[in-house]
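The structure under discussion appears below in the form of structure tokens.
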4 protein chains.
Amino acid sequence: MAKPKSEDKRNAILAAATQVFAERGLSAPTAAISSEARVAEGSLFTYFKTKDELINALYRTLKLELSDAMMSGFPRKQGVRHRLEHVWNGYVDWGSAHPEGQLVLRQIQVWGGLTEEVKAATAAAFGEFDRIAEDAAEQRVFRDMPMPFIWAALVSLADMTMEFTRRQPEQAAEYRAQGFALFWAGVARK
Amino acid sequence: MAKPKSEDKRNAILAAATQVFAERGLSAPTAAISSEARVAEGSLFTYFKTKDELINALYRTLKLELSDAMMSGFPRKQGVRHRLEHVWNGYVDWGSAHPEGQLVLRQIQVWGGLTEEVKAATAAAFGEFDRIAEDAAEQRVFRDMPMPFIWAALVSLADMTMEFTRRQPEQAAEYRAQGFALFWAGVARK
Amino acid sequence: MAKPKSEDKRNAILAAATQVFAERGLSAPTAAISSEARVAEGSLFTYFKTKDELINALYRTLKLELSDAMMSGFPRKQGVRHRLEHVWNGYVDWGSAHPEGQLVLRQIQVWGGLTEEVKAATAAAFGEFDRIAEDAAEQRVFRDMPMPFIWAALVSLADMTMEFTRRQPEQAAEYRAQGFALFWAGVARK
Amino acid sequence: MAKPKSEDKRNAILAAATQVFAERGLSAPTAAISSEARVAEGSLFTYFKTKDELINALYRTLKLELSDAMMSGFPRKQGVRHRLEHVWNGYVDWGSAHPEGQLVLRQIQVWGGLTEEVKAATAAAFGEFDRIAEDAAEQRVFRDMPMPFIWAALVSLADMTMEFTRRQPEQAAEYRAQGFALFWAGVARK
DNA sequence: CATGAATGAGTTTTCATTCAT
DNA sequence: CATGAATGAAAACTCATTCAT
């Protein structure tokens with residue numbers, strides 16, 4: 001099979017892209033990425049046919065990392081609040097641990113070139129949440145608002161919280177707790 | 001800022017930039033903007049020395065528009081909650097009325113080329129809020145969290161709400177109200 | 001109107017393209033052309049949006065030059081044979097005088113990127129020939145073969161003749177005459 | 001030429017090259033050829049050191065095929081006219097049967113990278129014609145023109161004829177006959 | 001020998017900016 | 001001041017060729 005396309009190299013390119021995009025924006029030249037990845041300019045294109053495809057792949061990768069972080073050790077048996085808090089903590093912690101990843105994720109979301117396929121694939125990874133939603137609906141945990149609205153609130157508040165933990169890592173714990181408290185008070189019934 | 005040659009032309013360029021950036025991203029060519037503004041390619045550069053300066057100026061302009069929208073009819077005498085709700089409504093309504101402006105604002109925020117000067121200037125425009133903050137602190141309206149955290153929560157929830165009103169304009173009123181309710185319940189004491 | 005797009009510069013680019021393509025083939029870099037034309041690399045693209053468009057324009061230009069050369073002093077009143085000989089001489093002489101042009105024309109014909117529009121436009125320039133054809137048909141000058149077949153024979157024999165005059169310019173006159181004699185004997189009745 | 005590793009694979013590459021060059025021009029990537037030949041990209045270069053060498057080899061191959069087609073069943077004992085007509089028919093029929101080969105041949109002729117060695121070798125394959133020429137001279141069959149001029153006329157008229165048979169295969173027989181008639185009337189004495 | 005990943009020079013094209021008119 | 005042609009430094013991408021497996 002000759003030299004097989006190495007997973008290592010692919011990952012190196014993705015890591016380099018994260019780094020470079022975080023520093024210079026999505027308009028950074030692909031040459032900067034290949035250079036950062038210690039790979040020839042052309043090699044980038046044997047792993048990703050176009051720059052757009054690279055960005056899509058990067059988005060998918062980061063999102064899956066993020067969902068892994070959120071779901072690891074997920075307390076499936078616990079109540080809605082505990083499960084949500086677990087998710088929240090996973091989200092915020094991952095963002096604090098991977099500030100470039102988080103930055104790049106936001107850049108890509110605002111970018112406009114994501115394919116429907118990748119959007120669908122990443123959305124699917126967050127499927128566990130549907131179960132939380134069902135339980136929540138059954139137990140009438142939340143106030144009267146559409147479920148997607150609640151999820152969006154969680155995500156946007158978590159993103160906002162991450163900004164704070166990124167700038168003041170020493171107070172990460174407080175922000176994380178306060179952010180979730182804000183969210184929960186905002187959405188929970190009574 | 002000096003005295004520009006023709007305020008009209010300058011505004012036409014800013015409006016065109018909003019339009020074009022919203023459609024094609026910040027990487028859209030300046031030629032597309034001058035063309036949309038019915039102005040010569042070179043003229044753009046007599047009003048804005050560089051593209052970066054144009055983006056900075058656009059950010060400042062949009063932010064000021066936004067703050068105007070939020071402050072018009074501001075009920076200075078009313079309680080914290082009413083004042084905040086006024087601000088919230090202004091924000092969400094402006095975003096619904098100017099979806100391109102809102103989109104571009106987000107793009108610029110993630111862009112990375114904003115000068116400190118513009119950041120400071122736009123922050124200043126939101127000075128009225130400090131007074132709300134003071135009153136709130138005095139009356140112990142909010143739970144224990146830093147004021148900037150609360151502002152950030154308001155902004156991110158408002159942005160999120162705007163997304164919903166943009167996609168389902170017919171339910172704008174509900175979303176606007178639910179968003180504020182969520183925010184208020186999240187931050188108000190007890 | 002500022003600096004108007006200069007006809008001179010356009011022509012310089014076309015001339016340079018003829019030169020460069022003749023020497024290095026159609027795959028020659030556009031940079032070689034702009035350099036030969038003493039023009040910036042980018043300028044080429046203000047006159048021709050793409051390389052393909054340049055090649056099409058070049059083809060049209062050369063073909064029109066050629067048809068001009070063939071039609072100048074055209075003896076409209078004379079018999080079919082004289083008119084054809086005039087055309088033949090114009091063709092062969094132009095090819096001898098512009099060997100690069102002739103070479104490039106052949107390259108472009110074999111190239112495969114000509115637009116229908118240009119094909120039609122250049123074909124139209126050879127419209128005078130239709131009249132010759134009509135007269136010829138009426139007078140039953142030619143043997144029984146389709147008119148297009150006769151034209152094609154003229155063109156291919158003329159091209160072939162040009163090759164000889166190009167390589168042995170000192171015998172151009174003989175070749176030119178022999179070529180036409182061959183053609184005429186080949187197509188004329190009896 | 002050395003002993004190639006697998007005559008089959010070499011032929012597959014040449015066939016694929018004919019196909020691909022006919023469709024996409026000589027600038028088609030070698031990868032397209034190896035793929036069409038169901039051979040690894042690198043393998044192409046064990047059979048042909050460079051792309052130029054491949055093109056030269058392809059030219060030689062096609063020309064030899066052509067000369068084989070022309071000489072098979074050659075009526076060595078017959079008169080000049082019969083022998084020439086045989087050759088003409090062979091030429092035109094091969095071109096009709098192998099339109100891609102014919103197309104590629106023309107592309108290569110205009111290409112500019114043929115080595116002298118290949119030019120000489122292919123010219124040699126047409127050696128039988130010298131004998132026709134000698135007989136013709138002895139019998140004063142042709143009008144007064146240089147022999148090479150006559151050969152060139154045959155070739156260019158045959159090429160032209162092939163174009164017609166390719167486009168209207170149902171009239172191939174007529175065109176073939178008319179083309180030869182034209183040629184013969186053009187070159188034969190009286 | 002076969003394979004196909006790796007390479008990096010080379011290609012076309014874009015675009016912010018300048019400047020002659 | 002307005003104009004838009006001119007500029008040339010990138011940028012994304014291609015591809016013949018090499019070479020580790």
Side-chain angles (χ1 to χ4, degrees), chain A residues 1-6 8-10 13 27-35 37-55, chain B residues 4-6 9 27-35 37-55, chain C residues 1-6 8-10 13 27-35 37-55, chain D residues 4-6 9 27-35 37-55:
Chain A
M1 215 200 308
K3 218 176 298 175
K5 246 187 268 193
S6 95
D8 273 9
K9 208 157 278 186
R10 197 187 128 98
I13 293 171
S27 63
T30 53
I33 296 167
S34 42
S35 147
R38 318 254 166 203
V39 150
E41 286 189 37
S43 296
L44 190 152
F45 293 94
T46 70
Y47 287 89
F48 307 96
K49 270 203 290 295
T50 64
K51 191 185 186 183
D52 279 21
E53 191 177 310
L54 165 63
I55 297 178
Chain B
K5 298 83 203 180
S6 146
K9 213 160 272 188
S27 64
T30 54
I33 296 167
S34 43
S35 148
R38 317 239 171 221
V39 149
E41 283 187 44
S43 295
L44 190 152
F45 292 90
T46 72
Y47 290 90
F48 307 95
K49 268 204 293 297
T50 67
K51 190 186 188 184
D52 279 20
E53 193 179 307
L54 165 63
I55 298 178
Chain C
M1 216 200 308
K3 218 175 297 172
K5 247 188 267 194
S6 96
D8 275 10
K9 207 157 281 185
R10 197 187 130 99
I13 292 171
S27 64
T30 54
I33 296 167
S34 43
S35 146
R38 318 250 166 208
V39 149
E41 285 189 38
S43 296
L44 191 152
F45 293 93
T46 70
Y47 288 89
F48 307 96
K49 269 201 290 295
T50 65
K51 190 184 187 183
D52 279 21
E53 191 178 308
L54 165 63
I55 297 178
Chain D
K5 300 81 203 180
S6 146
K9 213 161 273 190
S27 62
T30 54
I33 296 167
S34 44
S35 147
R38 318 237 168 221
V39 150
E41 283 186 44
S43 295
L44 190 151
F45 292 91
T46 72
Y47 290 89
F48 307 94
K49 267 203 294 295
T50 66
K51 189 185 188 184
D52 279 20
E53 192 178 308
L54 164 63
I55 298 178

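Within every chain, numbering begins at 1; the chains are lettered A, B, ... in the order of the sequence lines, protein sequences first and strands thereafter.
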Between [N] atom [atom2] and [X] atom [atom1], what is the distance in whole Å?
X       : N      : atom1 : atom2 : answer
B:Ile55 : E:dA16 : CD1   : P     : 9 Å
C:Leu44 : E:dT11 : CG    : C1'   : 13 Å
C:Phe45 : E:dT11 : CZ    : P     : 12 Å

Task: Angle by which the axis turns from one end of the helix from E:dA2-F:dT21 to E:dT21-F:dA2 to the other, five pairs per end, to 10 degrees - done: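 Rounded to the nearest 10 degrees, the bend comes out at 0°.
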Using residues 43-53 of chain A as the side-chain source, report each donor-acceptor pair under 3.5 Å to any protein atom, sequence neighbours left out, with the distance given to one decimal.
residue, atom, partner, partner atom, Å
A:Thr46, OG1, A:Ser43, O, 2.8
A:Tyr47, OH, A:Ser6, N, 3.1
A:Thr50, OG1, A:Asp52, N, 3.4
A:Thr50, OG1, A:Glu53, N, 3.1
A:Lys51, NZ, A:Leu26, O, 3.0
A:Lys51, NZ, A:Ala28, O, 2.9

Open item on the list: Quick check on DNA chain E: between C:Asp52 and B:Ser27, whose nearest nucleotide comes earlier from the 5' end?
Closed with: C:Asp52
- [ ] Provide the closest heavy-atom pair for B:Ser34 versus B:Ala40 in the form atom of the first, atom of the second, distance.
- [x]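 What the structure gives for the nearest pair is CB-O, 3.7 Å.
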What nucleotide among [options] has an atom nearest to a side-chain atom of [X]?
X       : options                : value
D:Thr30 : F:dA16, E:dT13, E:dA16 : F:dA16
C:Lys9  : F:dA16, F:dA6, F:dT3   : F:dA6
C:Tyr47 : E:dT13, E:dA16, F:dA6  : F:dA6

What's touching nucleotides 8-10 of chain E from the protein side, N or O pairs under 3.5 Å?
residue, atom, partner, partner atom, Å
E:dG8, N7, A:Gly42, N, 3.2

Task: Side-chain N,O (B:Thr46) to OP1/OP2 (F:dC1) below 4.0 Å - done: no
Open item on the list: Need one value for A:Thr50: base, sugar-phosphate or nothing, where a base atom within 4.0 Å counts as base even if backbone is also close, heavy atoms only.
Closed with: sugar-phosphate
- [ ] Pick base, sugar-phosphate or nothing for C:Ala32, based on heavy-atom distances below 4.0 Å to the nucleic acid.
- [x] nothing
Open item on the list: On DNA chain F, does the nearest nucleotide to A:Lys51 precede the nearest nucleotide to C:Arg38 from the 5' side, or the other way round? Give the residue.
Closed with: C:Arg38
